[in-house]
Amino acid sequence: VAIRVGSKGATGPPAHSGAMAARGMGGYHARRMAIKPLTAPTGEAVSDLTVPGRYELRSLGGRGGQGTVFRAWDRDQEREVAFKILTATGERQALLFRQEFFALQHLQHPNVVGVFDLGELDDGRPFLVMEWAEGVDLAEVGRLDLDRFYHLFTLLAQTLAFVHSRHIIHRDIKAANVRVLPSSDD
């Protein structure tokens, strides 16, 4: 589960994001797609990493222990998305990855990113497509003043309480998995 928190006072989606309006409209789309090997370094263009058809991978968003996230363009919906590819191997990891998609589909909350699509690459790796949350990881924010710290962590606690009320447990809460969105009142 990816969680995002707004900056000062913001609890809803960023003003530039049309993704929230489309949240929950995605469904399971079983299909296979071809993709070239993932070799692009962090932050550089990945124009050679193209998924035929619907998604165009534009840049590397980040790598984690279980997957790689790309900033991508959804040609069908004409919106930016996060395209996450499972890089961990094993049936258990693939099952947990798919469960993440189905769990996120049922979470409708302003601070939980929406998911749109689930599929499989030609090489068998599963991918999921989520709302792209503009901003920075909490780990990159640096030192916070007390008011901002209180605000961000109150939002995080409220969001986790919502997730837990739906009987879902986030198994990887850390600063790198929390996005802090830009705000006009910073």
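No hydrogens, no waters, no symmetry mates; every other heavy atom, side chains included, goes into these values.
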Atom [atom1] in [X], atom [atom2] in [Y]: separation rounded to 0.5 Å?
X    : Y    : atom1 : atom2 : answer
L152 : D147 : CG    : CG    : 11.0 Å
T159 : H164 : OG1   : NE2   : 11.0 Å
R125 : T68  : CZ    : OG1   : 8.0 Å
L128 : F102 : CG    : CZ    : 10.5 Å
Q99  : R92  : CD    : CZ    : 8.5 Å
D137 : K174 : CG    : NZ    : 9.5 Å

List the atom of [X], the atom of [Y], and the distance in Å for their closest heavy-atom pair.
X    : Y    : value
F97  : I85  : CZ-C, 4.3 Å
G61  : W132 : CA-CH2, 4.3 Å
G135 : P182 : CA-CD, 3.9 Å
L104 : V113 : CD2-O, 3.8 Å
A139 : A176 : CB-N, 4.0 Å
L57  : A72  : CD2-CB, 3.7 Å

Quiz item: When you measure from the side chain of N177 to the backbone N and O of D172, does any donor-acceptor pair fall under 3.5 Å?
Solution: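 Pair found, side chain donor or acceptor close to backbone of D172.
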Quiz item: Is the side chain of R54 donor-acceptor paired with the backbone N or O of D76 at a distance under 3.5 Å, no angle test?
Solution: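 Between the backbone of D76 and the side chain of R54 there is no qualifying donor-acceptor contact (under 3.5 Å).
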Could you tell me if the side chain of [Y] sits less than 4.5 Å from the side chain of [X], heavy atoms only?
X    : Y    : answer
Q66  : K84  : no
R166 : V112 : no
F116 : Q77  : no
Q93  : L96  : no
E78  : W73  : yes
Q105 : L107 : no
D74  : Y55  : yes

Practice problem: Check the pair R143, R148 against side-chain contact (heavy atoms from CB on, under 4.5 Å), reporting the backbone distance first and the verdict last. | Solution: CA-CA 10 Å; R143 191 174 178 93; R148 190 160 187 212; over 6 Å; no
Self-check item: Ring geometry between H109 and F162 (parallel below 30°, tilted from 30 to 60°, perpendicular above 60°)
Solution: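 Answer is tilted, since the angle falls between 30° and 60°.
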Quiz item: Who pairs with F149 by side-chain contact (heavy atoms from CB on, under 4.5 Å), at least two apart in sequence or on another chain?
Solution: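 Per chain and number, F149 pairs via side-chain contact (heavy atoms from CB on, under 4.5 Å) with L144, F153.
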Quiz item: Same cluster for I173 and Y150 if Ile/Leu/Val/Met/Phe/Trp/Tyr side chains link at under 4.5 Å?
Solution: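 No: no chain of side-chain contacts under 4.5 Å links I173 to Y150.
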